[in-house]
S.K.: 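The structure that follows is given in the form of structure tokens.
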Amino acid sequence: MRLRLPSTSAAMIHSNSLHKQIVSKPELGNEEFTQKVLNNRRWTLPSPEAKIHQLIHTQGPTFLLNTHPSFGDANRVNEQRKYFYVVRDDLLHPLVNGNKARKLDGLLPLLQHYSVTDVVTCGGCQSAHTAAIAVLCAERGIVSHLLLRGEQPEILTGYNLMSTMYGNVTYVPRTVYANREEMLKSYAESVAGNDGSVLWFGDIVQASSATELFTDPNFMQMDVSRSEENHLRKILVVSEGAGDSVALLGVIRLVQYLSQNHLLGKQRLMKFVVDAGTGTTAIGLGLAARCLGKQEERLLSEFKKHFNIEFIDHNVNREDAGIVNWVERGRPRKFGNVLEGEVEACQQIAQQTGILVDPVYTLAAWETAMLLSSNEAEGGPEVVLLHTGGTLGMFGLAQRYKKYFGMLKKGHSH
């Protein structure tokens, strides 16, 4: 089996940090590549499985939800009825879901393997990334130190509340936060003190050679000795948004799962839609289906170095391997802003489908999936939306944008 989605697929990736869309045309991966990066590896998620729902829509703003769609051509809905699929990664975990769960899927087991005692990372006040790190580390007896940009809110809510409940939060002035690498380094060193050590993620990947990671038959049972001399504090720095190369592994694992014949398969034409902040999820999705996105040069370079990978498609190995065209997204905004009418649109979708999207990220992806599936000609590519979670972010937005959330009408009509 070759690791690819359709033989000629396309992906559209929303980036809220650059207010743009990425449109790219992926080429092929291969089974050997998949086995090399995924086999004999521990994972955070017990299974890569995700529910796949089908959203059927008409010319008007009405949706029908099919929670058990059939993927065979003989069982497709009437061609006159437009639809798209939704990969429900928002249902993976009550607190750690969506792209955060996928990005950390391959990272947390390595922390345990190398006896990391503390993790230092950073994010915005309502960062889903810091909350995810805090929850998953607490479950494994690892102490998390979370540097949040700006001032502490008067009332803690949403991801900010979860970060505080599960981790150790420090609010950092924006001027200091602007130099993230120096900020993380300085704080990690203060945690380590005189006896501890500070590691960056590239250190622990390179410390265990690619050969050991991929070929040791005992890796699934293996763990670093926790003898007396290994009880010193080991502080690992995780970059903002978990934008490290290892974060690509969980997304590649998801694509391998989706490419099974009884699901999306390997031959059907597909257009994937995913919202993006740092772009790591988009790159992982694209790499698995040979589609490249934002930050591609740095992440692909790290990925090849850390996992000793050279791609069969030699174009990926070139320094100028980018094949992405950037176009302006439909409704540009400053990062994190809510626009008029978006909260009501989220309410309508929730009431009609039972799926919660947020105004900043997943609503934009939903609207793009709607547009693409509405315009797709008969026999053309099918549209798949990867729901990246963000549920608790609604609480933070409601706290910040009281005007828009206060305008929600009771008993919104369909």
Side-chain angles (χ1 to χ4, degrees), residues 14 16-17 44-45 88-105 107-108 119-140 142-172 174 177 180 183-184 187 238-243 247 250 274-281 333-338 342-343 346 350 355-365 386-402 404-405:
H14 274 267
N16 282 286
S17 57
T44 304
L45 296 172
R88 297 297 306 275
D89 267 9
D90 56 317
L91 303 178
L92 290 176
H93 185 285
L95 298 176
V96 185
N97 55 40
N99 63 333
K100 305 309 176 190
R102 298 295 180 185
K103 290 163 71 172
L104 298 174
D105 198 9
L107 187 148
L108 267 297
V119 170
V120 175
T121 192
C122 64
C125 184
Q126 286 289 348
S127 169
H129 160 70
T130 60
I133 287 285
V135 171
L136 293 177
C137 283
E139 290 177 351
R140 290 156 177 79
I142 299 172
V143 180
S144 62
H145 306 267
L146 316 171
L147 308 183
L148 302 186
R149 181 182 63 248
E151 305 76 29
Q152 177 178 329
E154 183 177 349
I155 299 176
L156 307 186
T157 186
Y159 289 117
N160 180 261
L161 175 59
M162 292 302 102
S163 293
T164 306
M165 293 294 292
Y166 286 89
N168 298 290
V169 168
T170 300
Y171 293 91
V172 179
R174 288 170 173 81
Y177 193 94
R180 292 161 177 74
M183 172 191 71
L184 289 168
Y187 192 90
V238 176
S239 63
E240 184 180 39
V274 58
D275 59 89
T278 64
T280 307
T281 305
R333 75 183 77 209
K334 291 183 178 179
F335 178 78
N337 281 11
V338 173
E342 290 183 329
V343 176
C346 294
I355 298 176
L356 184 63
V357 296
D358 75 280
V360 177
Y361 286 105
T362 46
L363 176 63
L386 177 61
H387 195 314
T388 54
T391 306
L392 291 179
M394 292 288 278
F395 294 90
L397 291 174
Q399 184 183 44
R400 182 178 176 188
Y401 294 99
K402 297 178 182 179
Y404 291 136
F405 282 83

S.K.: Can you give me the closest heavy-atom contact between Ala134 and Gly167, atom names plus distance?
M.R.: CB-N, 3.8 Å
S.K.: For the side-chain contact (heavy atoms from CB on, under 4.5 Å) test, which of Asn160, Leu148, Leu161 pairs with Pro153?
M.R.: Asn160
S.K.: For Ala101, is there any backbone N or O sitting under 3.5 Å from a side-chain donor or acceptor partner on Asp105?
M.R.: no
S.K.: Apply the side-chain contact (heavy atoms from CB on, under 4.5 Å) test between Asn97 and each candidate in Thr388, Leu91, Asp89, Thr391; give the one that qualifies.
M.R.: Thr391
S.K.: Please check this pair: side chain of Ser144 against backbone of Ile133, looking for a donor-acceptor N/O pair closer than 3.5 Å.
M.R.: no
S.K.: Do Cys125 and Gln152 touch side chain to side chain, with heavy atoms closer than 4.5 Å?
M.R.: no
S.K.: Any idea which heavy atoms bring Pro359 and Cys346 closest together, and the distance?
M.R.: N-SG, 3.6 Å
S.K.: At their closest point, which heavy atom of Val96 faces which heavy atom of Ala132, and how far apart are they?
M.R.: CG1-CB, 3.6 Å
S.K.: Could you check whether any side-chain heavy atom of Cys122 comes within less than 4.5 Å of a side-chain heavy atom of Val172, counting everything from C-beta outward?
M.R.: no
S.K.: Using the side chain to side chain contact (heavy atoms under 4.5 Å, CB included) rule, take Glu139 and Leu108 through it: C-alpha gap first, then chi angles, then the decisive distance, then the call.
M.R.: CA-CA 10 Å; Glu139 290 177 351; Leu108 267 297; over 6 Å; no
S.K.: Check the pair Leu45 / His93 against side chain to side chain contact (heavy atoms under 4.5 Å, CB included), numbers first and verdict last.
M.R.: CA-CA 9 Å; Leu45 296 172; His93 185 285; 5.9 Å; no
S.K.: Any non-hydrogen side-chain atom of Arg102 less than 4.5 Å from a side-chain atom of Leu92?
M.R.: yes
S.K.: Quick one: closest heavy-atom pair of Val338 and Val360, and the distance?
M.R.: CG2-CG2, 4.3 Å
S.K.: Do Gln126 and Arg400 have side-chain heavy atoms sitting under 4.5 Å apart?
M.R.: no
S.K.: Under a 4.5 Å cut-off applied to non-hydrogen side-chain atoms, are Asn337 and Tyr401 in contact?
M.R.: yes
S.K.: Nearest 0.5 angstrom please: Tyr171 OH to Thr164 OG1, how far?
M.R.: 4.5 Å
S.K.: Would you say Glu342's side chain and Tyr404's backbone share a donor-acceptor pair under 3.5 angstrom?
M.R.: no
S.K.: Can any side-chain N or O of Thr44 pair as donor or acceptor with the backbone N or O of Leu104 at less than 3.5 Å?
M.R.: yes
S.K.: Taking side-chain contact (heavy atoms from CB on, under 4.5 Å) as the criterion, tell me which of Asn168, Val169, Leu184 meets it with His145.
M.R.: Asn168
S.K.: For the side chain of Tyr177 and the backbone of Gly123, is there at least one donor-acceptor N/O pair under 3.5 Å apart?
M.R.: yes
